[in-house]
Amino acid sequence: MIELRSDTFTLPTPAMMRAMNEARLGDDVYGEDPTVLELEERAAELLGKQAGLLLPSGTMANLVSIMTHAPRGSKMLVGAESDIYIYEAAGATVCAGVMYEPVPNQDDGRLLLSDLRRGFPDDPDDEQFALPSLICLENTQNRCGGVVLPQTYLKEVWEFAHEHEVAVHLDGARVFNAATALRLPVSEIAQYADSVQFCLSKGLGAPIGSMVVGTAEFITEARRARKMLGGGMRQAGLIAAAGLVALDDLHRLQDDHANALRLAEGLAGIDGIDVDPGAVQTNIVMFRVSDPRFTWQTFVEAAGQHGLALAELGHGRLRAVTHNGVTEADIDRALSIVRRVLADGREH
Ligand SMILES: *Cc1c(COP(=O)(O)O)cnc(C)c1O
């Protein structure tokens, strides 16, 4: 099976398995797992922040960050197409008492400043309004096709947030893909956020885990929220060891981006597929099946029967994600499968 549903399907590399096997361990709830401490320090340093924290998932990393930034009864401005708003089971409302205010994402992933401004009441002293405490951005923006937010835009939002005395949290599940696409150190992106979460378990290829980075004070409070949510893990160095290997291998993401572009360019040459290769910036390709003989469901099912796994990602669009388990040869095979599925469809 050529697995293009998600970059979460990566399996740990042999080097990760070796590192996990040899990791020095301790009880991380006591702060005594040396491998976790090393990873937290390494993540903070890479992103240019004071401290880091290992969490079991990106969802918990976002929730812990929201709980730490935003008082109960406040609201946060968040993309209407964001993971935080769509895929995280309303955790901010349920667990943190924080209201989501969805702001439209532009096709390029941005939340317009004019739309953000609308989230701030004209009279903040008027007791009937929930007050904004946090702006969440997502980079790369998954549902907009893995697009990279421009650096000038991040700076504008950062300045806007400070003017309005709210924090910025960056959901950087794929922030290393953004850094790779921009050919910039990831700290250049992170400088425009108070906290950043990133996933070790996506393109970076580790089996489990996400990191949050921020100020030392922020991370101390986030540690309490993590414990409250049940995310305090004991010999978590097992996970951290794979994460450290992942952070040594960041240049590999370039291959994923090249493979995504190869896929998009190939798909663009196939009748019955609607795709814009110019829109592909990282490891995600969004496309539609325009052949009227297929719905996205029947197309995904037929592709699956031929050995190609694809996913729907909102509004009937299909998503293909490249990752460490996908080679250039797999991309060429995937393209043959798409051609075959459409050719077979025409015979019926
Ligand atoms: C995957 C993802 C998350 C959540 O990470 P999990 O580890 O799956 O909980 C958060 N934000 C974005 C943008 C993601 O792609």
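One-based numbering, in listed order, for ligands and for the atoms of each.
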Check: Is it true that Val213 and Leu37 fall in one hydrophobic cluster, defined by side-chain heavy atoms closer than 4.5 Å?
Finding: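 Shared cluster, no.
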Note to self: Once you restrict to heavy atoms under 4.0 Å, what part of Met60 touches ligand 1? Side chain, backbone, both or neither.
What the structure shows: neither
Check: Got Phe287 and Asp274 here, is their nearest side-chain heavy-atom distance under 4.5 Å?
Finding: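 The answer is no, as the side chains (C-beta and beyond) never meet within the 4.5 Å cut-off.
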What atoms of ligand 1 come within less than 4.0 Å of a heavy atom belonging to [X]?
X      : result
Glu138 : 13 (C)
Thr59  : 4 (C), 5 (O), 6 (P), 9 (O)
Ala173 : 2 (C), 11 (N), 12 (C), 13 (C), 14 (C), 15 (O)
Cys199 : 5 (O)
Ser57  : 7 (O), 9 (O)

Item checked: Set of residues satisfying ring-ring contact (aromatic ring centres under 6.0 Å, His included) with respect to His69, sequence neighbours excluded -> Phe218
Notebook entry, point to check: With respect to Asp171, which candidate in Asn62, Thr59, Thr140 satisfies the side-chain hydrogen bond (donor to acceptor under 3.5 Å, both in side chains) definition?
Noted result: Asn62
Check: Do you see a donor-acceptor pair shorter than 3.5 Å between the side chains of Thr327 and Asp330?
Finding: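 Yes, side-chain donor-acceptor contact under 3.5 Å.
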Next item on the list: Only heavy atoms count here, so choose which of Ile208, Asp171, Asp7 is nearest to atom 11 (N) of ligand 1.
Entry: Asp171
Next item on the list: May I have all residue pairs that pass ring-ring contact (aromatic ring centres under 6.0 Å, His included) and include part of residues 103-145, sequence neighbours excluded?
Entry: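 The answer is Phe120-Phe160, Phe120-His164.
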